[in-house]
S.K.: 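Please see the structure below; I have some questions.
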Amino acid sequence: MDARTAPLLWIPRVGATRPTDGALRDRRQRPLRDLRISLTDRCNFRCGYCMPRSRFGPGHRFLPQSQLLNFEEIAQVARQALALGVRTLRLTGGEPLLRRDLARLIGQLAALRTLDGEPPDLAITTNGSLLADQAGALREAGLKRVTVSLDALDDAVFRRMNDVDFPVAEVLRGLEAAQRAGFERIKVNMVVRRGVNDAQAVLLAEHFRGSGMVLRFIEFMDAGCHNGWRMDEVLPSDMLRERIAARWQLLPLPATRGGETAQRWRYADGAGEIGFISSVSHAFCGDCTRARLTADGRLFTCLFAAQGHDLRPLLRGAQVGESGLRERLVAIWAGRNDAYSEQREALRLLRPERADMHVLGG
């Protein structure tokens with residue numbers, strides 16, 4: 001059964017298993033393949049869909065340094081996650097480039113190994129504001145891939161979107177630095193809000209055609225409880241794709257792996273590819289393979305969850321060792337049954353509280 005078109009209450013057989021490939025599976029038989037690691041809850045932007053200034057103004061209290069996981073604790077969780085089948089480690093925030101001495105952490109994570117004995121697929125998602133000065137050092141430390149959030153090409157629209165008057169030229173400079181650094185893959189993510197920045201989509205497509213970078217369009221999601229989400233501000237990916245296809249012919253591409261979030265398309269004239277992440281109009285809960293570790297050590301099994309599982313007692317003070325941490329991760333994932341996007345309408349009423357996106361890293 002295609003998970004994107006599955007009935008609302010479809011539930012595969014219950015009970016986590018450990019298949020022959022060693023990967024842990026949840027109650028819906030989804031393997032644990034990706035760990036997103038938030039390095040900080042702070043950000044230097046105030047994008048309305050993530051950290052609106054009305055909620056995260058000058059008086060907002062962010063996590064004190066003492067509550068953040070240190071690099072060794074992060075590496076400890078990552079090592080055990082890799083032992084359970086994780087292949088990709090993605091560093092997020094807040095804004096991860098605000099974390100000091102980041103290259104040292106990347107070096108620690110790059111030295112870890114997957115179940116296959118390979119280095120992990122090590123990536124980062126950033127707003128790009130600090131990337132120009134750090135790209136080279138991060139690549140040298142072992143970072144493989146970079147994703148940059150860019151919600152407009154027009155400078156006035158971009159400044160309005162980030163709400164800190166930051167110029168788009170600096171983000172573009174960061175992308176150029178990433179290309180020079182030689183990352184294996186560079187992606188650009190645009191969150192599309194109907195009536196706010198959707199007119200920028202075709203402009204961004206034109207700009208990145210032929211660049212070697214992959215542009216992806218993300219539907220405006222109801223992550224957290226403070227971004228003013230409304231369904232009428234969601235521009236369905238199918239409609240946006242039609243806009244772009246009216247300018248350049250598009251051909252579908254297959255997924256590169258299971259659990260991929262984006263539906264991939266390529267330009268018929270060979271000018272590259274684009275993607276559409278459609279959590280609202282085409283829910284992909286059925287093959288979601290991602291867990292999220294917050295900067296203060298809570299593990300979330302869904303972007304739209306209200307509560308996480310606190311791992312800090314196992315990392316600080318509890319005499320359980322790494323085997324105890326691994327057993328806790330197994331128990332958490334084995335009990336996972338999340339499928340928020342498939343059941344959005346009902347769960348928004350039953351479970352109105354959700355953790356904010358800047359805490360979970362998107």
S.K.: Given Ile274, which partner from the list Leu215, Leu204, Val188, Leu253 fulfils the side chain to side chain contact (heavy atoms under 4.5 Å, CB included) test?
M.R.: Leu215

S.K.: Is the side chain of Arg30 donor-acceptor paired with the backbone N or O of Cys285 at a distance under 3.5 Å, no angle test?
M.R.: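 Answer holds: yes.
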
S.K.: Looking at Glu73 and Arg316, does any basic side-chain N land under 4.0 Å from a carboxylate oxygen?
M.R.: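 Yes.
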
S.K.: Under 3.5 Å, is there a donor-acceptor pair between the side chain of Arg53 and the main chain of Gly57?
M.R.: no

S.K.: Write out all pairs satisfying salt bridge (charged side-chain N to carboxylate O under 4.0 Å, His left out) with one or both partners inside residues 236-246, taking only residues at least two apart or from two chains.
M.R.: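 Non-adjacent pairs meeting salt bridge (charged side-chain N to carboxylate O under 4.0 Å, His left out): Asp198-Arg243, Asp238-Arg241.
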
S.K.: Identify whether the distance between the nearest side-chain nitrogen and carboxylate oxygen of Arg230 and Asp232 falls below 4.0 Å.
M.R.: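 Salt bridge present between Arg230 and Asp232.
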
S.K.: Can you name the nearest heavy-atom pair linking Leu131 to Ala178, along with the distance?
M.R.: CD2-CB, 4.1 Å

S.K.: Please name all residues satisfying side chain to side chain donor-acceptor pair (under 3.5 Å) with Asn197, sequence neighbours left out, ordered by chain then number.
M.R.: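 Residues passing side chain to side chain donor-acceptor pair (under 3.5 Å) with Asn197: none at all.
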
S.K.: List in chain and number order the residues that pass side chain to side chain donor-acceptor pair (under 3.5 Å) with Glu72, two or more places apart in sequence or in another chain; answer none if no residue qualifies.
M.R.: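 Here the qualifying residues are Arg104.
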
S.K.: Please report, to 0.1 Å, the donor-acceptor pairs under 3.5 Å made by any side chain of residues 244-251, with sequence neighbours excluded.
M.R.:
from: Arg247; atom 1: NH2; to: Glu206; atom 2: OE2; distance (Å): 2.9

S.K.: Against the six-membered ring of Phe220, is Arg193 placed for a cation-pi contact (under 6.0 Å from the centre, within 45° of the normal)?
M.R.: yes

S.K.: May I ask you to decide whether Arg145 forms a salt bridge with Asp121, counting only side-chain N to carboxylate O separations under 4.0 Å?
M.R.: yes

S.K.: Of all residues at least two apart in sequence or in a different chain, which pass the side chain to side chain donor-acceptor pair (under 3.5 Å) check with Arg160?
M.R.: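 So Arg160 forms no side chain to side chain donor-acceptor pair (under 3.5 Å) with any residue.
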
S.K.: Applying side chain to side chain donor-acceptor pair (under 3.5 Å), name anything that partners Gln134, two or more places apart in sequence or on another chain.
M.R.: none

S.K.: Determine, stepwise, if the pair Asp310 / Asp296 fulfils side-chain contact (heavy atoms from CB on, under 4.5 Å).
M.R.: CA-CA 8 Å; Asp310 192 0; Asp296 61 350; over 6 Å; no

